[in-house]
Amino acid sequence: MSAPAIRIHPSDDVAVALIPIAPGGEALGVTAREAIPAGHKMALRDIRKGQNVLKYGMPIGRATRDIPRGAWVHTHNLMTNLDSALEYEYHPSPRREAAPFAGSFMGYARADGAAGIRNELWILPTVGCVNGVAEALARSTDGLFGVSVYAFPHPYGCSQLGEDHQNTQKILARLARHPNAGGALVLGLGCENNHIQAFREALGPVDETRVRFLNAQDVPDEIEAGMALIRRIAEAMRRDVRTEQPLSKLTLGLKCGGSDGFSGVTANPLAGAVADGVCAAGGSALLTEVPEMFGAEAMLMDRCKSEGVFRKTVDLVDGFKRYFESNGQPVYENPSPGNKAGGITTLEEKSLGCIQKGGTGPVSDVLNYGEARRRGGLTLVSGPGNDLVAATALAAAGAQLILFTTGRGTPLGAPVPTLKISSNAGLAGRKGNWIDFDASPLLEGASMGGMARSLFQMILDAASGAPLKNEKNGERQIAIFKSGVTL
């Protein structure tokens, strides 16, 4: 390691410790006054009480006391500046055109023009009451008919009102149409709000050789009836074969969870570099976690390709702030305890690291929760920071694969392949059963371009059928956003 700490931007007031720095230790010409844990911040100059502290070249909060050069900078002496609603103006930034990646993947061409990277049969309960039946069917049929079968239980579909009810239908409908699903069994009970006829109206026309429907209350033996329908769906799916597909048909989801002080230095900008290359080649990337844009949203807004997209981004951010306020919760109650233990102090700091996953290219569109991707490039998707809810929203919007960056580690898997990228070597070595790609060589001087090409090749391999760790571990779940009344 060339140095025990890194200064991310020339104007930064702090450096990030790459290894634990003992009192009296030297880093970037500064002597540590106290112990600085790895991933945490050390002051590079004297900072006065009330002064903004810069990291990534941007304010991450203000000092709550005088901070001498060489001191540890964290929750005891730094606080957020985010405490009120903001007014936004559109100041379009110069376009940064990334070099397009070259390549293709072997995927499944779908009738609607999309391409799947898996050819799986998904069982989608319309209501939580039949979760057990869905899981029993998946256990009974997986591999029996020559296709992989997965059930996606959830607790909703009944006793919901208004937007919550509609969101449940939207997410399930988008999953039923997902290109990674060569077929789907929609499994209902029969008396729920989201009964099959209502769901079919929300779903719209489908190929009924691929999407079948079953009400458990309507048949003597729901397992026997379900297996018969799965057999018929599988017969149609077995004709599907992988063929070469262009990058323009690849959509990546971008997600982080369990971030640490290295996430914004290694894993997140690496994911952003890959997203830039894929989007420049005509592909797509989806970025969500709206509450983790707070404090960095202006940087995304200035990248919007038009004033119309800018206005949609303002509505996206302000809408989530109103959601917090309507529930009597502070807008800036973040980061999590794990984030803080990893070195992240304020939401501005977390957000500035979080949006690195979106690369540097223009923002082409904004989607409401449950909407499908409409165009190539980087799209912002409405969704919370919660890992599984956000990952499900990305899959529903059309992501065939999710790049999931993490500094603390998680086994979580979305309905689609979920490629885990470690921000630090310790996690990659300790949890190799979770982590697919280690971004920590960037701390040792590895080039971003070279690392991006390596990660891109892993993505192409996964898109062509190579299983990721979450798939090997059987970690595949969904979670649906809920905000209102349950009857």
Side-chain angles (χ1 to χ4, degrees), residues 7-16 36 39-69 71-91 93 256 259-265 268 287 289-304 310 313-358 380 384-385:
R7 188 181 207 164
I8 299 171
H9 189 277
S11 65
D12 286 354
D13 298 312
V14 295
V16 178
I36 314 293
H40 287 244
K41 298 174 290 298
M42 181 179 72
L44 295 176
R45 57 174 67 98
D46 291 338
I47 302 169
R48 297 188 305 276
K49 179 180 179 180
Q51 181 180 331
N52 280 337
V53 176
L54 302 186
K55 183 182 176 185
Y56 302 104
M58 299 290 291
I60 60 169
R62 64 183 184 275
T64 57
R65 63 181 73 169
D66 289 342
I67 303 174
R69 173 182 162 117
W72 178 34
V73 180
H74 201 34
T75 53
H76 59 290
N77 56 15
L78 177 66
M79 69 176 292
T80 181
N81 282 322
L82 303 178
D83 56 7
S84 62
L86 301 175
E87 295 292 332
Y88 301 105
E89 294 182 355
Y90 183 38
H91 301 291
S93 58
C256 59
S259 299
D260 69 353
F262 299 129
S263 294
V265 182
N268 288 356
L287 180 66
E289 303 177 275
V290 177
E292 295 176 18
M293 298 174 188
F294 296 168
E297 65 267 46
M299 296 179 69
L300 287 172
M301 291 172 182
D302 289 347
R303 288 167 50 191
C304 290
F310 162 74
T313 304
V314 172
D315 290 344
L316 177 76
V317 171
D318 284 347
F320 250 93
K321 290 181 180 179
R322 288 193 298 271
Y323 161 65
F324 276 54
E325 292 165 351
S326 68
N327 284 279
Q329 299 301 316
V331 170
Y332 303 111
E333 185 58 38
N334 213 332
S336 70
N339 296 151
K340 292 176 181 177
I344 297 173
T345 306
T346 65
L347 181 52
E348 299 100 300
E349 181 180 8
K350 184 176 182 179
S351 295
L352 287 164
C354 180
I355 68 166
Q356 303 289 323
K357 302 190 303 296
L380 307 183

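What you see below is based on every heavy atom in this structure, not just the backbone, and it leaves out hydrogens, waters and symmetry mates.
Residues Val317 and Met301 are in side-chain contact: their nearest non-hydrogen atoms beyond the backbone lie under 4.5 Å apart. Annotation: side chain of Met299 is not in contact with side chain of Met293 (no heavy-atom distance under 4.5 Å). Between Val16 and Ile8, the closest side-chain pair of non-hydrogen atoms falls below 4.5 Å. Under the 4.5 Å side-chain criterion, counting only non-hydrogen atoms from C-beta, Tyr88 is not in contact with Thr313.
Taking the six-membered ring for Trp and thresholds of 30 and 60 degrees, Phe310 and Tyr90 have nearly parallel ring planes, at less than 30 degrees apart.
Remark: Gln329 pairs with no residue by the side-chain hydrogen bond (donor to acceptor under 3.5 Å, both in side chains) rule, at least two apart or across chains. Glu292 pairs by the salt bridge (Lys or Arg N to Asp or Glu O under 4.0 Å) definition with Lys350, not counting sequence neighbours. Among residues two or more places apart in sequence or in another chain, the side chain to side chain contact (heavy atoms under 4.5 Å, CB included) test is passed with Ser263 by Ser259, Asp260, Asn268, Ser423. Looking at residues two or more places apart in sequence or on another chain, you find no ring-ring contact (aromatic ring centres under 6.0 Å, His included) involving His9. The salt bridge (Lys or Arg N to Asp or Glu O under 4.0 Å) test applied to Arg65 returns no partner, not counting sequence neighbours. Arg69 meets the side-chain hydrogen bond (donor to acceptor under 3.5 Å, both in side chains) test with no other residue; sequence neighbours excluded. Taking the ring-ring contact (aromatic ring centres under 6.0 Å, His included) definition, one finds that Tyr323 meets it with Phe320, Phe481, sequence neighbours left out. With sequence neighbours excluded, the residues forming a side chain to side chain contact (heavy atoms under 4.5 Å, CB included) with Ser336 are Asn339, listed by chain and number.
To the nearest 0.5 Å, the span separating CG on Asp13 from CD1 on Ile67 amounts to 9.0 Å. His40 NE2 to Met42 CE: the interatomic distance, rounded to the nearest 0.5 Å, is 14.0 Å. To the nearest 0.5 angstrom, Glu297 atom CD is 9.0 Å from Ile355 atom CD1. Rounded to the nearest 0.5 Å, atoms CG (Leu82) and OG (Ser351) are 7.5 Å apart.
Closest approach of Pro291 and Pro384 over heavy atoms only: CD-CA, 3.9 Å.
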Subject >> Candidate pair Lys41 and Thr345, rule side chain to side chain donor-acceptor pair (under 3.5 Å), full reasoning >> reply: CA-CA 9 Å; Lys41 298 174 290 298; Thr345 306; 2.7 Å; yes
Pair up each side-chain donor or acceptor in residues 48-60 with any protein partner under 3.5 Å, not counting sequence neighbours, and list the distances.
{"residue": "Gln51", "atom": "OE1", "partner": "Arg48", "partner atom": "N", "Å": "3.1"}
{"residue": "Asn52", "atom": "OD1", "partner": "Asn81", "partner atom": "ND2", "Å": "2.8"}
{"residue": "Lys55", "atom": "NZ", "partner": "Glu349", "partner atom": "OE2", "Å": "2.7"}

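In this structure, Lys357 contributes its side chain and Cys354 its backbone to a donor-acceptor pair below 3.5 Å.
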